[in-house]
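Along the sequence shown, the residues carry numbers beginning at 1. Start at 1 and go down the list; that is how both ligands and their atoms are numbered.
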Amino acid sequence: MKHDGLNRRNFIGKVGYGTLAALAATSIPSYGSIFSKDTDKLAIFGGKPVRGNKPWPRWPYVDEKIVEKVTETTRSGIWCRIQSATGTVPTFEQEYAKLLGTSYCVATGSGTQALSTCVEALGIGPGDEVITSPYTDMGTVSAILTSRALPVLADLDPDSYQLDPDDVERRITPNTKAIMPVHIMGQPCEMDRIMAIAKKHNLRVIEDSCQAQQSIYRGQKLGTIGDLGCFSFQSSKTMPCGEGGAIVGNDYDLMEQCFTVQNHGTSRQGRHVTIGPKYRMNEFEGAVLLGQLDGIVDRYNKRNENARYLTEKLKDFPGLRPQKLYEGTESGSYYLYALSYKEAHFNGATRAQFLKALSAEGIGLSPYISNGLHREPWIDHIVGLDSYKKMYGEQRLEAFKAGMDLPNCDRVCNEMAMLWASGPLLAEREDMDHIVDAIMKVYEHRDQLKSI
Ligand SMILES: Cc1ncc(COP(=O)(O)O)c(C=O)c1O
């Protein structure tokens, strides 16, 4: 693919993406004069793939220390957290609180359970409303529904994919009790504004940090800014144990209430005091987490380094826009590395055509969530339930349903092209170059994409 001493990366290095952006913004240039299309044919049409089958770093991460911890737990016979105050789960809770800089941590069986425990512990229930994002895992909404509260969805900032604070404020009613911001992709919401709105309207903030392991916003780790913060340790996450979750916070009474709720309403003193399911983390999950704790920060730093490199390479390319980060974002978990696909810059080729061509080059990006949660059947389900009609009244439920017009979320769903990044962003610089090269190769052949 050499031409006048330039290969694709040198060429991009020399002209810079700024130049490509400028070219693309005016007319769509043809690189046929620079690159030979015979040697540089798209892989989907029989050309040589940019990456081929080179594997990405394995995920979930496994090493001997994790295996040893699980073996130790198996042999110990301490398999349930209430068997010992020094078992893996209580130890993990202490270590995790230390890592995040909070006073307390309560582990749970999943991120959904962590969120659900917080809703119940804050006394939010029938008749109450919680404002959250439509662009998230169903676990976020499910955590509100299990206490029979009403999950009110606000629209997004279409460039950051995060809750739009203005729309959050518009949706506050006298029944709103909390905001549940979701740090989607593991990058921070605009927390300054969300916290200010919460303060002004006297609302609680439960951070859904399920994707946001270790991310830092204005010097604070995500999950430690609101009243309570929740994490997920499900297999794909950047700190996985199969299924698992945690709540962190600094308010002793509230965190004790969280412990009691997730312990089927039973306090540490053994009194049966409140309503709660059994959401306890088990000792094997605790062992897997403890076994990997040492490497968490190194892996986090590596993902940030690779993400910064990708963003630097792509930042001026108008065809794929990296996720907008708010001022104050110091680092992100990069559970997902997200880009918005701009069809107009690919001669009108659809995202599906682009992704197919890219995949043939050995780079798999995903459209991620196909529908915002405002387009899923749970809305009609709860609006039709007698119990919800009794709790909220038909008029409120009609207005709730009518409020499900969230065009920015629809746009995000249509444009998203993201990398499952937990493993891939631990790869080397050459692997990051494969991603950029494959994108640019497909871009250069954009006139062919419509025939895919
Ligand atoms: C943003 C978000 N919230 C909540 C959850 C629920 O976490 P879990 O799967 O551990 O229940 C997830 C999991 O994917 C998530 O990504």
Side-chain angles (χ1 to χ4, degrees), residues 59-60 89 92 96 105-120 130-147 151 153-154 156 160-163 178-189 191 194 205-215 217 222-223 225-226 228-248 258 261-262 277-282 284-286 288-289 323 332-338 366-374 376 378 409 412-413 416 418-422:
W59 204 258
V89 176
F92 170 72
Y96 196 60
C105 168
V106 172
T108 59
S110 71
T112 306
Q113 293 176 11
L115 291 162
S116 176
T117 298
C118 292
V119 172
E120 191 65 36
V130 178
I131 301 177
T132 192
S133 170
Y135 194 66
T136 181
D137 184 81
M138 185 57 186
T140 310
V141 157
S142 158
I144 299 165
L145 291 172
T146 47
S147 286
L153 306 182
L156 308 180
S160 69
Y161 329 133
Q162 312 285 6
L163 271 179
I179 306 172
M180 194 182 275
V182 178
H183 303 297
I184 201 73
M185 314 297 177
Q187 320 309 326
C189 292
M191 284 307 283
I194 288 174
V205 175
I206 306 167
E207 288 180 75
D208 180 340
S209 305
C210 284
Q211 301 188 352
Q213 195 64 248
Q214 296 296 308
S215 312
Y217 175 82
L222 295 187
I225 301 170
L228 293 165
C230 296
F231 294 87
S232 165
F233 307 127
Q234 177 270 340
S235 265
S236 66
K237 299 296 193 301
T238 57
M239 184 171 169
C241 70
E243 300 283 0
I247 306 162
V248 296
C258 287
V261 167
Q262 62 86 50
K278 190 175 168 194
Y279 281 163
R280 296 192 303 238
M281 177 180 276
N282 75 53
F284 295 100
E285 293 161 340
V288 174
L289 292 170
Q323 179 177 12
S333 80
Y334 290 103
Y335 165 56
L336 310 170
Y337 182 83
S366 162
Y368 194 36
I369 296 168
S370 49
N371 289 315
L373 292 177
H374 60 299
E376 294 292 332
W378 67 273
C409 180
V412 171
C413 291
M416 179 55 57
M418 66 78 178
L419 179 73
W420 291 101
S422 293

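- Proximity to G111 (heavy-atom distance under 4.0 Å) selects the following atoms of ligand 1: 7 (O), 8 (P), 10 (O), 11 (O).
- Judged by distance alone, the side chain of E207 and the main-chain N or O of G223 form a donor-acceptor pair under 3.5 Å.
- Residue Q234 has no nitrogen or oxygen atom sitting less than 3.5 Å from a nitrogen or oxygen atom of ligand 1, judged on distance alone.
- Here the side chains of M416 and P367 are not in contact, with every heavy-atom distance at 4.5 Å or above.
- In this structure, V205 and I225 have side chains that are not in contact, with every pair of non-hydrogen atoms separated by 4.5 Å or more.
- Numbered from 1 in the order shown, with element, the atoms of ligand 1 that lie under 4.0 Å from a heavy atom of T140 read 3 (N), 4 (C).
- Given atom 12 (C) of ligand 1, the protein heavy atom at minimum distance is D137 CB, 3.4 Å.
- Ranking the protein heavy atoms by distance from atom 3 (N) of ligand 1 puts D208 OD2, 2.7 Å first.
- Taking the ring centroids of Y161 and Y368, they lie at or beyond the 6.0 Å cut-off.
- Using a 4.5 Å heavy-atom threshold, the side chains of E376 and V141 count as separate.
- Residue-ligand proximity, S110 to ligand 1, at heavy-atom distances under 4.0 Å covers atoms 10 (O), 11 (O).
- Close approach of ligand 1 to V182 (heavy-atom distance below 4.0 Å) involves ligand atoms 1 (C).
- The distance from ligand 1 to the heavy atoms of T136 drops below 4.0 Å at these ligand atoms: 1 (C), 2 (C), 3 (N).
- The closest side-chain heavy-atom distance from L153 to L373 is below 4.5 Å.
- Residue T112 has at least one N or O atom closer than 3.5 Å to an N or O atom of ligand 1.
- Protein heavy atom nearest atom 16 (O) of ligand 1, with residue, atom name and distance: Q211 NE2, 2.8 Å.
- Within the 4.5 Å cutoff, no side-chain heavy atoms of I247 are placed close to those of Q262.
- Considering backbone and side-chain atoms alike, Q113 places every N or O at 3.5 Å or more from each N or O of ligand 1.
- Taking 4.0 Å as the cut-off, K237 counts as a neighbour of ligand 1 on heavy-atom distance.
- P240 places none of its side-chain heavy atoms less than 4.5 Å from the side chain of L289.
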